[in-house]
2 protein chains.
Amino acid sequence: MVAGPLPVPSGPGKDRLRLWIRLLRASRTIEAELRERLKKEFDTTLPRFDVMAALYRAPEGMLMSDLSRFLLVSNGNVTGIVDRLVSEGLVARARRNGDRRTSMVRLTEEGTKSFATIAAAHEGWIGELLGKVSEEDARRLTGMLTSFRSNWEGRE
Amino acid sequence: MVAGPLPVPSGPGKDRLRLWIRLLRASRTIEAELRERLKKEFDTTLPRFDVMAALYRAPEGMLMSDLSRFLLVSNGNVTGIVDRLVSEGLVARARRNGDRRTSMVRLTEEGTKSFATIAAAHEGWIGELLGKVSEEDARRLTGMLTSFRSNWEGRE
DNA sequence: ACATAAAACTTTAAGCTTGAAATATCTGAC
DNA sequence: GTCAGATATTTCAAGCTTAAAGTTTTATGT
């Protein structure tokens, strides 16, 4: 999947394959760098950061299934990550009266403060890691990826 | 990390952050789809596919450390995946006379045939999943990502 | 009301992933 | 030759990830 230096043979459809390979390598490269920095600087992980980022945008809280859908990961996965965040005091689960199957998950005060700090650093890192991409290219690329996303969601 | 529907606030540097988020969501979406199809259609996994793809391009074999570097994953990780592929008869390790620390890893005949089949399907999937991206956009996007990569490798 | 289905979540087993420590081998300085 | 350091790989512990199976609660049809 993460094919590299050697070129993909040319032919019909190869352009898209090449695009996918580059896309994957770019995101893995950046992801690896972020993972390392999160670990070194804040002793945390990317999945934890992802969950906290989602919750930060939803002060009223989120259901587990919302988190799962939003983060594009399985529901069982979210359970584990949230468990750990709860045990660290960064996240809280609140049982709901309306539906006792569900629980609202939200950042604690400590979690909110912690995330704000990390997010500021994170944004700086992205600026640095993507520094060579011009603002204009960034916007154009974003536009293409956005249209990919809309097409994707409308598929089937 | 995988922020979604809600827009990233505007401001300096936010364009790159937005780009990163879109990039990550696009690759995770495609990855999830490929993972599912590899499982359903060929009872295999993405990491196995990655390793086999790398070895397919190197008929003479690769060192473990080459695989690790090439796939952008840790060396310990590669050990486990190759172990499993070996136990399935798809990959073979060959001790080298010159340096007994290393071993050349290569696809077996069965592994080669198996990969060829899967790779053909894989290419078709990518063509389908990225079908809405025009060939021209695909080339332009690839170009931008390639220049990101060169910049990255030249950093530090 | 009751059975049945659907929904939300957790648990489980297997595999992936990392960073760090351990092992084995090789290279170079002396 | 030998010993220190470098190199290649494996092992290990902890955590992430998925798909599938299980649990509890809610909704629905009759």
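Just so it is clear: chains get the letters A, B, ... in the order the sequence lines come, proteins before strands, and each one is counted from 1.
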Original post:
Is A/S68 reaching over with its side chain to a backbone N or O of A/M64, donor-acceptor style, under 3.5 angstrom?
Top reply: no

Original post:
To the nearest Å, how far apart are A/I81 CD1 and C/dT10 C1'?
Top reply: 14 Å

Original post:
Linking I/L/V/M/F/W/Y whenever their side-chain heavy atoms sit closer than 4.5 Å, directly or via other members, would B/F115 and B/M104 fall into one cluster?
Top reply: no

Original post:
Rounded to whole angstrom units, what separation is found between the CZ atom of A/R28 and the C1' atom of C/dT17?
Top reply: 11 Å

Subject >> From CA spacing to verdict: side chain to side chain contact (heavy atoms under 4.5 Å, CB included), A/R48, A/F42 >> reply: CA-CA 11 Å; A/R48 279 171 168 86; A/F42 298 105; over 6 Å; no

Subject >> N/O (side chain, B/R93) to phosphate O (OP1/OP2, D/dT10) under 4.0 Å >> reply: yes

Original post:
With respect to the phosphate group of D/dT10, does any side-chain polar atom (N or O) of B/T79 fall under 4.0 Å of OP1 or OP2?
Top reply: yes

Original post:
Does the distance from a Lys or Arg side-chain N to an Asp or Glu carboxylate O, for A/R16 and B/E123, drop under 4.0 Å?
Top reply: no

**OP:** Looking only at side-chain atoms of B/R48, point me to the closest of C/dT25, C/dG15, D/dT11.
**Re:** C/dG15

**OP:** May I have the distance from A/E31 (atom CD) to D/dT17 (atom P), rounded to whole angstrom?
**Re:** 9 Å

Original post:
Of B/T45 and B/G98, whose closest DNA chain C nucleotide lies nearer the 5' terminus?
Top reply: B/T45

Original post:
For D/dT9, does either OP1 or OP2 sit under 4.0 Å from a side-chain N or O belonging to B/S65?
Top reply: yes

Subject >> Distance-only donor-acceptor test, B/R100 side-chain atoms vs C/dT25 base atoms, 3.5 Å >> reply: no

Subject >> B/P47, nearest nucleotide to its side chain (from D/dT17, C/dT17, C/dC9) >> reply: C/dT17

Original post:
Over how many whole Å does the gap from A/R95 atom CZ to C/dA8 atom P extend?
Top reply: 14 Å

Original post:
In whole angstroms, how far is the C1' atom of C/dG15 from the CG atom of B/D50?
Top reply: 14 Å

Original post:
Do A/R101 side-chain and C/dA7 base share a donor-acceptor contact under 3.5 Å?
Top reply: yes

Write out a two-atom table: protein N or O, nucleotide N or O from nucleotides 18-22 of chain D, distance below 3.5 Å.
unit_1	atom_1	unit_2	atom_2	d
D/dT18	OP2	A/S74	N	2.8
D/dT18	OP2	A/S74	OG	3.1
D/dT18	OP2	A/N77	ND2	3.0

Original post:
If you take all heavy atoms of B/L19 and A/L130, which pair is closest and at what distance?
Top reply: CD2-CD1, 4.3 Å

Original post:
In whole Å, what is the span from the CZ atom of B/R96 to the C1' atom of D/dT7?
Top reply: 12 Å

**OP:** Not counting sequence neighbours, list each pair that qualifies as a side-chain hydrogen bond (donor to acceptor under 3.5 Å, both in side chains) and has a residue in residues 101-116 of chain A.
**Re:** A/R96-A/T102, A/D99-A/R101

**OP:** Taking all non-hydrogen atoms of both residues into account, name the closest pair between A/W20 and B/E31 and its distance.
**Re:** CH2-N, 3.9 Å

Original post:
How many Å lie between CG on B/L71 and C1' on C/dT18, as a whole number?
Top reply: 15 Å

Original post:
Nearest-Å distance, CD (A/E88) to C1' (D/dG15)?
Top reply: 11 Å

